[in-house]
Colleague: 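Sharing a structure with you now.
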Number of protein chains: 2
Amino acid sequence: MKGKATSFDIAHLTGVSQSTVSRALRDSPLVSEETRRRIREAAEQLNYKVDKNASNLRSQHSGTLALLLFEDPTADDSHINPFFLSMLGSITRACALRGYDLLISFQQLSYDWHADYADTKKADGIILLGYGDYLAYLDKLQKLVAQGTRSIRWGAVLPDQPDVSIGCDNYQGGQAIATHLLEQGCRRIAFLGDASSHYPEFFERYRGYAATLQQAGITMDPALQVDAAESTEQAGYNALETLLERAEPFDAVFAASDLIAIGAMRALADHNIKVPEQVAVAGFDDIPMARFLNPPLTTVLQDTKLAGETLVDNLLCLIRNEPVETHLLPVKLVVRRSSQFSQPADHV
Amino acid sequence: MKGKATSFDIAHLTGVSQSTVSRALRDSPLVSEETRRRIREAAEQLNYKVDKNASNLRSQHSGTLALLLFEDPTADDSHINPFFLSMLGSITRACALRGYDLLISFQQLSYDWHADYADTKKADGIILLGYGDYLAYLDKLQKLVAQGTRSIRWGAVLPDQPDVSIGCDNYQGGQAIATHLLEQGCRRIAFLGDASSHYPEFFERYRGYAATLQQAGITMDPALQVDAAESTEQAGYNALETLLERAEPFDAVFAASDLIAIGAMRALADHNIKVPEQVAVAGFDDIPMARFLNPPLTTVLQDTKLAGETLVDNLLCLIRNEPVETHLLPVKLVVRRSSQFSQPADHV
DNA sequence: CTGAAAGCGCTTACAG
DNA sequence: CTGAAAGCGCTTACAG
């Protein structure tokens, strides 16, 4: 036998037609049990595998989902955000469990990703994952949807969005952190992170935090919010430096992400400011290293396993033209030592 | 225009044959510059994309690599080993840079993974990544190679292996840790991890460590080696408990992986044994959280970026039928506080 | 339950 | 430089 076996080879070997082979291998009830068995045996013997390119071409679906991990243009060779890495792992697992393959690709936000995978028929649908300026890629999302591409996005759930998205309840997460910090006696709680519609997830966290403070009768002080558009340690470090330069007193820091919190804690250490004794710190995401930090970081857990499953399941619904309900996933406050005072705080 | 445009639609629109369209879109020099320009414009206008299933079927290659992440059967819903997650990220990037797509899949070691991706023509070659009992999947590797599947494996480089593999110089890493611990004054250095040909990477680390101790005139004490076949925190925790039960004195722990080291450090903390004052600890991998541990963990850095690029480049060579040279990647000792004594150690 | 035939949308000799 | 034709290996009406 030269080259790989085809369905015709199985047909010759078993004395049936090629159509019957094709049916039998897909376990069609149209083929008798006995014939199916003989065909399966022959296939195994010849080491036959269905050519996916041929079957996908004919049947017009690929059994594959594409995951587009997009990043800000600034992203260099640095590691991928650990939170997205966790998501990637959970999405991979969810796909495998549902019999789908997963194609993974990095995308620069600037690149024409809306056109790729789905249009070239390599994937039946795409999952969008990443941080980036929402307003900058909004029109790409619109094109994507206009072209009928099945896609689902991890991120903020907004009233006017063109596409379907799944996200955590960032607002509630922001509330939970703020409530906790208030309970710890903090009154001047800084927010490190972008608080604008460019980064809606961070903005929701900010809004939950701000609403809680206001309900507690605290006047928001603009000097206590510092941008850190990128979710990186360096951005967190810089943001805290900026905060210190403003010379406004603060007794807690709520970082829009764990990575920002890690950078902020490093900056605090460099200034000999004790966490949590002088400043309480909280983050968001509960990335794996959060519990190993010194002190361990109080944060908001996003359930990446549930998130991955929900993304895949809803995308599959979209592909089958079934209705999908956009919903927010619950978050959970995880209190660790970085925010727990054993004694009254000395304000900075 | 109903449905997606095909190359025939472009042909009609531009008044050339479909073959010319196909050539032009692949930038064939056989087509005049002017004709190519017109065809590109028409393609853009009709939002045309080449159907990859059709082109792959015809040309018999897919422009796709498959990454098989395999795990021990014990792996449940727990997080993926952070080291492999880093590798995954770097492989994804390396593929993107070389214009290849990456298909990702989890595999149970028990499953018939040797048959999949490459045989179904979905991928031109496969990358194998993961821990598991080497002896248990050796015959699958043999089948894989016998069938002519292009594959490359991350792992130990052994003299008698059937396939091509890329790995770090685990032996040298083991030497580096042992040398460092000896310099710190440690003399009874326990090894936590499997030290058998079932897990050749761990075994190499063990052999480098053992050789170094013996050169220093230290007699190996079997009581100081504890299996931890799985590379998990729990396995590390259990291994250290076992070590303590043996009631043999030890002044250092060399864990076969960072995850094992983390578990061991947790067990030491639970027994109120101070790191590094009473017991120095070192790991292997330098996963992102290693530097955040308390105390930060001394370990051996495996350069995942280089590893990912080397894997992809060598697999691409295999696919082009070019010769590949199996080689070991260098490792780097990273000394942190978990192994640095400021004062003489109190042995346990 | 089975078979003969068409066709998915490309790429690639072959011919000019 | 361009075109007509074959064919990659399947799935799926259609007919029996």
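Reminder, nothing fancy here: chain letters follow the sequence lines and each chain counts from 1.
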Colleague: Where the side chain of B:Arg23 is defined as all heavy atoms beyond and including C-beta, which of D:dC14, C:dA13, C:dG9 is the nearest nucleotide?
Modeller: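 Nearest to the side chain of B:Arg23 among the choices is C:dA13.
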Colleague: Pairing donors with acceptors under 3.5 angstrom, does anything connect the side chains of B:Asp124 and B:Ser62?
Modeller: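 B:Asp124 vs B:Ser62: donor-acceptor pair found between side chains.
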Colleague: Would you say the side-chain atoms of B:Asp133 and B:His198 include a donor-acceptor pair closer than 3.5 Å?
Modeller: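 Present: a donor and an acceptor within the cut-off.
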Colleague: Do NZ/NE/NH1/NH2 and the carboxylate oxygens of A:Glu34 and A:Arg37 come within less than 4.0 Å?
Modeller: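 A salt bridge links A:Glu34 with A:Arg37.
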Colleague: Starting at CD of B:Gln147, measure out to NZ of A:Lys49 and round the result to the nearest 0.5 Å.
Modeller: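 Going from the CD atom of B:Gln147 to the NZ atom of A:Lys49 covers 8.5 Å.
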Colleague: NA contact type, A:Gln18, heavy-atom cut-off 4.0 Å: base, sugar-phosphate, or nothing?
Modeller: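 Base contact.
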Colleague: Taking the side chain of B:Leu57 as its heavy atoms from C-beta onward, which of C:dT2, D:dC10, C:dG9 lies nearest to it?
Modeller: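 The nucleotide sitting nearest to the side chain is C:dG9.
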Colleague: Rounded to whole angstroms, how far apart are CD on B:Glu33 and C1' on D:dT2?
Modeller: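 Spelled out: CD on B:Glu33 to C1' on D:dT2 is 16 Å.
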Colleague: Classify the nucleic acid contact of B:Ser19 as base, sugar-phosphate or nothing, counting any heavy atom under 4.0 Å across all strands shown.
Modeller: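 Result for B:Ser19 = base.
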Colleague: Using only side-chain N and O atoms of A:Ser17, determine if any of them is under 4.0 Å from OP1 or OP2 of C:dG3.
Modeller: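 Looking at the OP1 and OP2 atoms of C:dG3, one of them is under 4.0 Å from a side-chain N or O of A:Ser17.
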Colleague: In whole angstroms, how far is the C1' atom of C:dC10 from the CG atom of A:Asn56?
Modeller: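 Atom-to-atom, A:Asn56 to C:dC10, this comes out as 14 Å.
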Colleague: Starting at atom CZ of A:Phe8, determine the distance to atom P of C:dA4, rounded to an integer number of angstrom.
Modeller: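 After rounding, the gap between these two atoms is 10 Å.
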Colleague: Once you round it to whole Å, what is the distance between P of D:dC8 and NE2 of B:His61?
Modeller: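 Whole-Å distance recorded here is 16 Å.
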Colleague: Any Lys/Arg nitrogen of B:Arg40 or B:Glu44 sitting under 4.0 Å from an Asp/Glu carboxylate oxygen of the other?
Modeller: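 Salt bridge: no.
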Colleague: Determine whether a donor-acceptor pair (N or O, by modelled atom type, separation under 3.5 Å) exists between the side chain of A:Ser165 and the backbone of A:Ala156.
Modeller: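 Yes, the answer is positive, given that a donor and an acceptor are paired below the 3.5 Å cut-off.
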Colleague: For DNA chain C, what is the dot-bracket line, given that a base pair needs Watson-Crick (N1 to N3, plus N6-O4 or O6-N4) or G-U wobble (N1-O2 and O6-N3) geometry with both distances under 3.5 Å, and | means paired with another strand?
Modeller: |||.||||||||.|||
Colleague: Can you measure B:Arg37 atom CZ to D:dC1 atom P for me and round it to whole angstrom units?
Modeller: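 Between P of D:dC1 and CZ of B:Arg37: 15 Å.
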Colleague: Report the distance from atom CG of B:Leu46 to atom P of C:dG9, rounded to the nearest whole Å.
Modeller: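 Between P of C:dG9 and CG of B:Leu46: 14 Å.
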Colleague: Report the distance from atom CD1 of B:Ile39 to atom C1' of D:dT2, rounded to the nearest whole Å.
Modeller: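 Atom CD1 in B:Ile39 sits about 10 Å away from atom C1' in D:dT2.
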Colleague: Would you say B:Ser19 and B:Ser22 are linked by a side-chain donor-acceptor pair, where the criterion is simply a distance under 3.5 Å?
Modeller: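 Per modelled atom types, B:Ser22 and B:Ser19 side chains form no pair under 3.5 Å.
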Colleague: To the side chain of B:Ser32, which of D:dT2, C:dC10, D:dC10 is closest?
Modeller: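 My answer, after comparing the listed nucleotides, is D:dT2.
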Colleague: Does OP1 or OP2 of D:dT11 have a side-chain N or O of A:Arg26 closer than 4.0 Å?
Modeller: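 For D:dT11, OP1 or OP2 has a side-chain N or O of A:Arg26 closer than 4.0 Å.
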Colleague: In whole angstrom, give the distance that lies between atom NZ of A:Lys121 and atom C1' of C:dC8.
Modeller: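 These atoms are roughly 9 Å apart.
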Colleague: Considering only C:dG9, D:dT2, D:dG9, which nucleotide approaches the side chain of A:Ala54 most closely?
Modeller: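 Selected nucleotide (nearest to the side chain): D:dG9.
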Colleague: Of the candidate nucleotides D:dG3, C:dG3, C:dC8, which contains the atom at the shortest distance from the side chain of B:Thr20?
Modeller: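 Between D:dG3, C:dG3, C:dC8, the one nearest the side chain of B:Thr20 would be D:dG3.
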Colleague: Tell me whether the OP1 or OP2 atom of C:dC10 has a side-chain N or O from B:Ser7 closer than 4.0 Å.
Modeller: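 Checking B:Ser7 against C:dC10: at least one side-chain N or O falls below 4.0 Å of OP1 or OP2.
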Colleague: OP1 or OP2 of D:dC10 less than 4.0 angstrom from a side-chain nitrogen or oxygen of A:Ser59, does that happen here?
Modeller: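 A:Ser59 to D:dC10 OP1/OP2: no side-chain N or O under 4.0 Å.
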Colleague: Report yes if a donor N or O on one partner sits less than 3.5 Å from an acceptor N or O on the other, where the partners are the side chain of B:Arg58 and the base of D:dG9; otherwise report no.
Modeller: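 No pair found.
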Colleague: Could you tell me whether B:Ser22 contacts a base, only the sugar-phosphate backbone, or nothing, with contacts defined as non-hydrogen atoms closer than 4.0 Å?
Modeller: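 Base, at least one base heavy atom under 4.0 Å.
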Colleague: Tell me whether A:Glu33 at atom CD has more than 12 heavy atoms from other residues, nucleotides or ligands lying less than 6.0 Å away.
Modeller: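 Yes, because the 6.0 Å sphere around CD of A:Glu33 holds more than 12 heavy atoms from other groups.
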